[in-house]
Protein chains: 2
Amino acid sequence: MARETPVPRPTDAELQILRVLWRAGPSTVREVQASLAQARATGYTTVLKLLQIMTEKGLVEREDAGRAHIYRPRQTEEQAQGRLVTDLLDRVFGGSAQQLVLRALAARPASSSELAEIRRLLDDLEGEQTE
Amino acid sequence: MARETPVPRPTDAELQILRVLWRAGPSTVREVQASLAQARATGYTTVLKLLQIMTEKGLVEREDAGRAHIYRPRQTEEQAQGRLVTDLLDRVFGGSAQQLVLRALAARPASSSELAEIRRLLDDLEGEQTE
DNA sequence: TGACACCTACGAAGAGCTTCGTATATAGTT
DNA sequence: AACTATATACGAAGCTCTTCGTAGGTGTCA
């Protein structure tokens with residue numbers, strides 16, 4: 001059984017592609033490229049190359065479909081978000097989730113309803129605490 | 001009056017140096033290097049070079065002190081944290097602070113007292129809302 | 001004065017990221 | 001069969017990041 005190197009943190013360009021795949025589901029290079037081009041001009045072979053590299057890295061996997069390939073993410077969006085936020089937590093906030101939450105809400109004020117939802121989340125978390 | 005390019009996002013190695021400067025206050029290359037070496041072996045000239053580059057980028061500024069230079073950050077830790085968390089918010093969470101908070105607390109559970117502090121923060125934010 | 005310890009400056013190597021041009025294969029159409 | 005459209009594969013350029021070796025300047029001390 002081969003020992004796999006852990007899935008690396010996606011780069012900026014790779015993250016943009018992952019977000020397309022999370023939204024649209026498994027897609028061909030052409031579909032990803034069309035989706036990306038709306039926000040930012042990106043050549044077809046650029047997207048192809050990135051997806052090839054991402055396959056090597058284990059960020060996506062692919063499957064043959066006739067002459068084309070269909071790519072799909074190997075992590076859910078939630079998993080990747082969790083990893084990235086943990087990463088920022090350790091690199092920038094010394095591991096303090098409280099500090100991060102504080103900065104996030106200061107930087108990007110949430111609406112009343114969003115704040116209420118966060119409160120509900122806190123209630124749930126508190127409920128799970130060993131008391 | 002020259003138009004300055006905006007201060008760029010610090011890289012990983014730059015961030016480690018900034019964290020030292022935030023903790024210890026304005027420091028010489030030697031002091032930064034000694035502080036870094038505890039966690040990770042880093043050559044003296046490596047730290048020097050990084051600080052020179054960071055000066056060019058506007059991440060730090062320096063002042064002569066005899067034959068050495070004293071470096072200090074040009075942003076507070078809070079400002080940098082705000083920028084980095086905003087960055088992650090946009091690149092990974094589509095701008096939703098609520099989603100980020102959810103993932104942060106799921107990834108790194110906070111203690112009861114920390115949750116209480118976040119609640120107080122929510123109260124403050126709610127108080128500021130235009131109602 | 002000469003040896004040493006310390007400083008900055010700078011060039012460059014090696015790796016990774018992003019982009020694109022070109023080569024090649026193949027299915028479909030006239 | 002030849003042409004066209006579309007696919008993958010691959011090499012390489014240009015850039016950034018990180019690291020370090022080397023060169024050169026200067027203060028200190030025996």
Side-chain angles (χ1 to χ4, degrees), chain A residues 5-21 26-72 80 84 87-88 91-92, chain B residues 5-21 26-72 80 84 87-88 91-92:
Chain A
T5 64
V7 176
R9 171 162 46 137
T11 67
D12 284 356
E14 288 167 351
L15 195 52
Q16 286 190 309
I17 289 180
L18 284 174
R19 296 192 74 199
V20 168
L21 292 177
S27 307
T28 62
V29 176
R30 176 74 47 198
E31 287 161 351
V32 171
Q33 193 257 342
S35 198
L36 278 183
Q38 294 177 348
R40 206 160 79 71
T42 313
Y44 177 85
T45 57
T46 300
V47 177
L48 171 64
K49 181 69 161 184
L50 279 170
L51 279 166
Q52 287 170 346
I53 292 171
M54 291 168 75
T55 303
E56 280 173 23
K57 290 185 179 176
L59 289 169
V60 298
E61 60 191 5
R62 71 188 187 183
E63 161 202 3
D64 283 31
R67 57 204 157 291
H69 291 154
I70 293 180
Y71 291 86
R72 84 184 68 236
L84 288 167
D87 195 72
L88 193 75
R91 283 188 303 115
V92 179
Chain B
T5 62
V7 176
R9 169 163 47 136
T11 66
D12 284 356
E14 288 167 352
L15 195 52
Q16 286 191 308
I17 289 181
L18 285 174
R19 297 193 73 198
V20 168
L21 293 177
S27 308
T28 63
V29 176
R30 176 74 47 196
E31 288 161 350
V32 171
Q33 194 257 342
S35 198
L36 278 183
Q38 293 177 350
R40 208 159 77 72
T42 315
Y44 177 84
T45 56
T46 300
V47 177
L48 171 64
K49 181 68 161 183
L50 278 170
L51 279 166
Q52 287 170 345
I53 292 172
M54 291 169 75
T55 305
E56 280 174 24
K57 289 185 180 176
L59 288 169
V60 298
E61 61 191 4
R62 71 187 188 182
E63 161 202 4
D64 283 29
R67 54 205 158 290
H69 291 153
I70 292 180
Y71 290 87
R72 84 184 68 236
L84 287 167
D87 195 73
L88 193 75
R91 284 188 302 114
V92 179

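Side chains are part of it too, since the values below use all heavy atoms of this structure and drop only hydrogens, waters and symmetry mates. Every chain is numbered from 1 and lettered A, B, ... according to where its sequence line falls, protein lines coming before strand lines.
Listed pair Thr46(B) / dT18(D) fails the phosphate criterion, with no side-chain N or O lying under 4.0 Å from OP1 or OP2.
The bend of the helix from dT1(C)-dA30(D) to dT30(C)-dA1(D), defined by the angle between the axes of its first five and last five pairs, stands at 30° to the nearest 10°.
At whole-Å resolution of the value, CD in Glu63(A) and C1' in dA7(D) are 16 Å apart. Straight-line distance from the CE atom of Met54(A) to the C1' atom of dG16(C): 15 Å, rounded to whole Å. Computed from coordinates, the Leu51(B) CG to dC20(D) P distance equals 15 Å when rounded to whole Å. A straight line from CG of Asp64(A) to P of dA25(C) spans 17 Å, rounded to a whole angstrom. At whole-Å resolution of the value, CD1 in Ile17(B) and P in dT18(D) are 9 Å apart.
Take Asp12(B) and apply the side chain to side chain contact (heavy atoms under 4.5 Å, CB included) test, not counting sequence neighbours, and it matches Arg9(A), Arg91(A).
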What does the list of N/O pairs under 3.5 Å between the protein and nucleotides 14-17 of chain D look like, with a distance for each?
residue : atom : partner  : partner atom : Å
dC17(D) : OP2  : Lys57(B) : NZ           : 3.3

Identify each atom pair where a protein N or O and an N or O of nucleotides 8-15 of chain C are less than 3.5 Å apart, giving names and distance.
residue : atom : partner  : partner atom : Å
dT8(C)  : OP1  : His69(B) : N            : 3.2
dT8(C)  : OP2  : Tyr44(B) : OH           : 2.6
dA9(C)  : OP1  : Arg62(B) : NH2          : 3.2
dA9(C)  : OP2  : Gln52(B) : NE2          : 3.0
dA9(C)  : OP2  : Arg62(B) : NH1          : 3.1

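In this structure, the separation between CD on Glu63(B) and NE2 on His69(B) is 10.0 Å, given to the nearest 0.5 Å. Atom CD in Gln16(A) sits 9.0 Å away from atom OG1 in Thr11(A) (nearest 0.5 Å).
The heavy-atom pair separating Val47(B) from Gln33(B) by the smallest distance is CG2-CG, 3.8 Å. Among all heavy-atom pairs drawn from Tyr71(A) and Arg62(A), the shortest one is OH-NH1, 3.2 Å. Taking both residues in full, the closest heavy atoms of Ile17(B) and Val32(B) are given as CG2-CG1, 4.1 Å, listed atom of the first, atom of the second, then distance.
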Side-chain donor/acceptor pairs under 3.5 Å, residues 50-61 of chain A, sequence neighbours excluded:
residue  : atom : partner  : partner atom : Å
Thr55(A) : OG1  : Leu51(A) : O            : 2.7
Lys57(A) : NZ   : Glu14(A) : OE1          : 3.4
Lys57(A) : NZ   : Glu14(A) : OE2          : 2.7

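Under the salt bridge (charged side-chain N to carboxylate O under 4.0 Å, His left out) criterion, no residue pair touches residues 30-55 of chain B, with sequence neighbours excluded.
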